[in-house]
Amino acid sequence: MRIATWNINSLRARMDRVVAFLERHDVDVLALQEIKAKPAQLDLAPLTAAGYEVAAHGLNQWNGVALISRVGLSDVRDQLPGVPTWPEEDGVVEARALGGIVGDGLRIWSLYVPNGRELEHPHYAYKLRWLEALRAEGARELAADPQARAILCGDFNVAPLDEDVWSMEFFEGKTHVTEPERAAFRAVVEAGYADLVRPEHPGPGVYTYWDYQALRFPKREGMRIDFLLGTPAVEAALTGSFIDREERKGKGASDHAPVVIDVDL
DNA sequence: ATGGTAGAAATTCTA
């Protein structure tokens, strides 16, 4: 089974690219982030015509997540238990998580972790609390069944290692690289969710995101912030992985590249 | 000229 995650930065603007990607790489399951639409605004015909089921969750023009599968899609959940609201006072649960069961009992979560904005901004504290809720839900699932097949994937908005950004000097005093964010990411890994791509594709210089500004992509100035994390049962079934850097090229590309894994499940 | 784009929705917000 081939599974991918991709921050699409508007599904409506890039439906053609999504369909072409699915067909080019023979993808079974795709987790999307930043679909930037309510489900009613989407024309899903190109996906259903290609043989996929779709679950989409979006409240407005911001955030939004989706799951696309041709190997079944059931038990769909649009909220990660325990996540904070935004704003934290009198706010709502944003559309940043969508879970479902695909294939033979594989749980997958499409996740769009809050950006954090600036270190002093309330969004940064929100981001850390959100990641803690993710860790707690992941830990709960593995505690219930140590053999559980589960994947947590998406845009984590954290660069876990110095080598995951093009310049630590540039990111001094900025989000994505701070120790609290990295500790929150590590806590998810330590709860039993291993990075399924890094072992085959170690850094430095291996990225999944390049800012639209300042010619970051041609200058190879990117960040590794998109991940697929898997339980031990998934890790044991892993047969390969790649980052589709080609997808970042050309007119109309998302600022993120898809990340793909193959599992013998 | 301060190096700065992209998407959605509505002149601004988010990333």
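Sequence lines set the chain letters: A, B, ... in the order given, protein chains first and strands last, and positions in each chain run from 1. Reckoned from all heavy atoms, side chains included, excluding hydrogens, waters and symmetry mates.
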Enquirer: Listing request: all ring-ring contact (aromatic ring centres under 6.0 Å, His included) pairs with a residue in residues 31-67 of chain A, at least two apart in sequence or in separate chains.
Expert: none

Enquirer: Considering only atom P, compute the distance from B:dG4 to B:dT14 and round it to an integer number of Å.
Expert: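 It comes out at 23 Å once rounded to the nearest Å.
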
Enquirer: Take the protein atom CG of A:D226 and the nucleotide atom C1' of B:dA15, then report the distance between them rounded to whole Å.
Expert: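 Checked: the CG to C1' distance equals 13 Å.
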
Enquirer: Within the distance-only criterion (no hydrogens, no angle test), does the side chain of A:T208 pair as donor or acceptor with the backbone N or O of A:D226 below 3.5 angstrom?
Expert: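 Indeed, once roles are kept as given, a pair shorter than 3.5 Å links the two residues.
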
Enquirer: Tell me, with the steps shown, if A:S110 and A:Q33 meet side-chain hydrogen bond (donor to acceptor under 3.5 Å, both in side chains).
Expert: CA-CA 7 Å; A:S110 179; A:Q33 300 85 41; 3.1 Å; yes

Enquirer: Expressed in angstrom and rounded to an integer, what is the separation of A:N7 atom CG from B:dA6 atom P?
Expert: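 My rounded result for the distance is 15 Å.
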
Enquirer: Scan A:Q41 against the nucleic acid and name what it touches under 4.0 Å (heavy atoms): base, sugar-phosphate only, or nothing.
Expert: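 Here A:Q41 touches the backbone only, sparing every base.
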
Enquirer: Tell me which one of A:R117, A:H121, A:E94 satisfies side-chain hydrogen bond (donor to acceptor under 3.5 Å, both in side chains) with A:Y126.
Expert: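 The option that passes is A:E94.
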
Enquirer: In terms of the nearest nucleotide of DNA chain B, which residue is placed more toward the 5' end: A:Y209 or A:I35?
Expert: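 In this pair, the answer is A:I35.
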
Enquirer: Could you give all pairs that pass the ring-ring contact (aromatic ring centres under 6.0 Å, His included) test and reach residues 179-206 of chain A, with sequence neighbours left out?
Expert: A:F156-A:F185, A:F185-A:F227

Enquirer: Please list, pair by pair, any protein nitrogen or oxygen found under 3.5 Å from a nitrogen or oxygen in nucleotides 1-5 of chain B.
Expert:
unit_1, atom_1, unit_2, atom_2, d
B:dG4, O4', A:Q213, OE1, 3.1

Enquirer: Please answer whether the main-chain N or O of A:V113 pairs with a side-chain N or O of A:N157 as donor and acceptor at a distance below 3.5 Å.
Expert: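 Between the backbone of A:V113 and the side chain of A:N157 there is a qualifying donor-acceptor contact (under 3.5 Å).
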
Enquirer: Near A:R24 CZ, under 6.0 Å, is it more than 12 heavy atoms from other residues, nucleotides or ligands?
Expert: yes

Enquirer: Mind listing the residues from residues 246-259 of chain A sitting with a heavy atom below 4.0 Å of DNA chain B? Number order is fine.
Expert: none

Enquirer: Would you say a side-chain N or O of A:R96 is under 4.0 Å from OP1 or OP2 of B:dA15?
Expert: yes

Enquirer: Considering only the C1' atoms, how many Å lie between B:dG7 and B:dT11, rounded to the nearest integer?
Expert: 15 Å

Enquirer: Find the distance A:L59:CG to B:dT14:P and express it as a whole number of Å.
Expert: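 These atoms are roughly 15 Å apart.
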
Enquirer: Figure out the OH/P separation between A:Y126 and B:dT14, and round it to whole Å.
Expert: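 One finds 12 Å between P of B:dT14 and OH of A:Y126, rounded.
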
Enquirer: What is the distance, to the nearest angstrom, from the CG atom on A:N157 to the P atom on B:dA15?
Expert: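 Answer to the nearest Å: 8 Å.
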
Enquirer: Mind checking if A:Y112 touches a base, just sugar-phosphate, or nothing, with heavy atoms under 4.0 Å?
Expert: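 Touches sugar-phosphate only.
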
Enquirer: Would you say the side chains of A:E34 and A:N9 form a donor-acceptor pair under 3.5 Å?
Expert: no

Enquirer: Can you check the A:K36 NZ to B:dT14 C1' distance for me, whole Å?
Expert: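 Taking atom C1' of B:dT14 as the reference, NZ of A:K36 is at 7 Å.
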
Enquirer: Using the P atom as the point on both nucleotides, what is the distance between B:dA9 and B:dA15, in whole Å?
Expert: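 Roughly 16 Å separates the two P atoms.
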
Enquirer: Could you list the donor-acceptor pairs under 3.5 angstrom formed by side chains in residues 72-83 of chain A, with sequence neighbours left out?
Expert:
unit_1, atom_1, unit_2, atom_2, d
A:D75, OD2, A:R77, NH2, 3.0
A:D75, OD2, A:R107, NH2, 3.1

Enquirer: Is any side-chain N or O of A:R12 closer than 4.0 Å to OP1 or OP2 of B:dG7?
Expert: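 Checking A:R12 against B:dG7: no side-chain N or O falls below 4.0 Å of OP1 or OP2.
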
Enquirer: What residues, two or more places apart in sequence or in another chain, satisfy side chain to side chain contact (heavy atoms under 4.5 Å, CB included) together with A:D145?
Expert: A:Q147, A:A148

Enquirer: Please report the distance separating the C1' of B:dA6 from the corresponding atom of B:dA10, rounded so that it comes out in whole Å.
Expert: 16 Å

Enquirer: Whole angstroms only, please: what is the CG-C1' distance between A:D155 and B:dT14?
Expert: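 About 13 Å, once rounded to whole Å.
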
Enquirer: Grab the CD-P distance between A:E34 and B:dA9 for me, whole Å please.
Expert: 14 Å

Enquirer: So A:R14, base contact, sugar-phosphate only, or nothing? Heavy-atom distance under 4.0 Å.
Expert: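 Touches sugar-phosphate only.
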
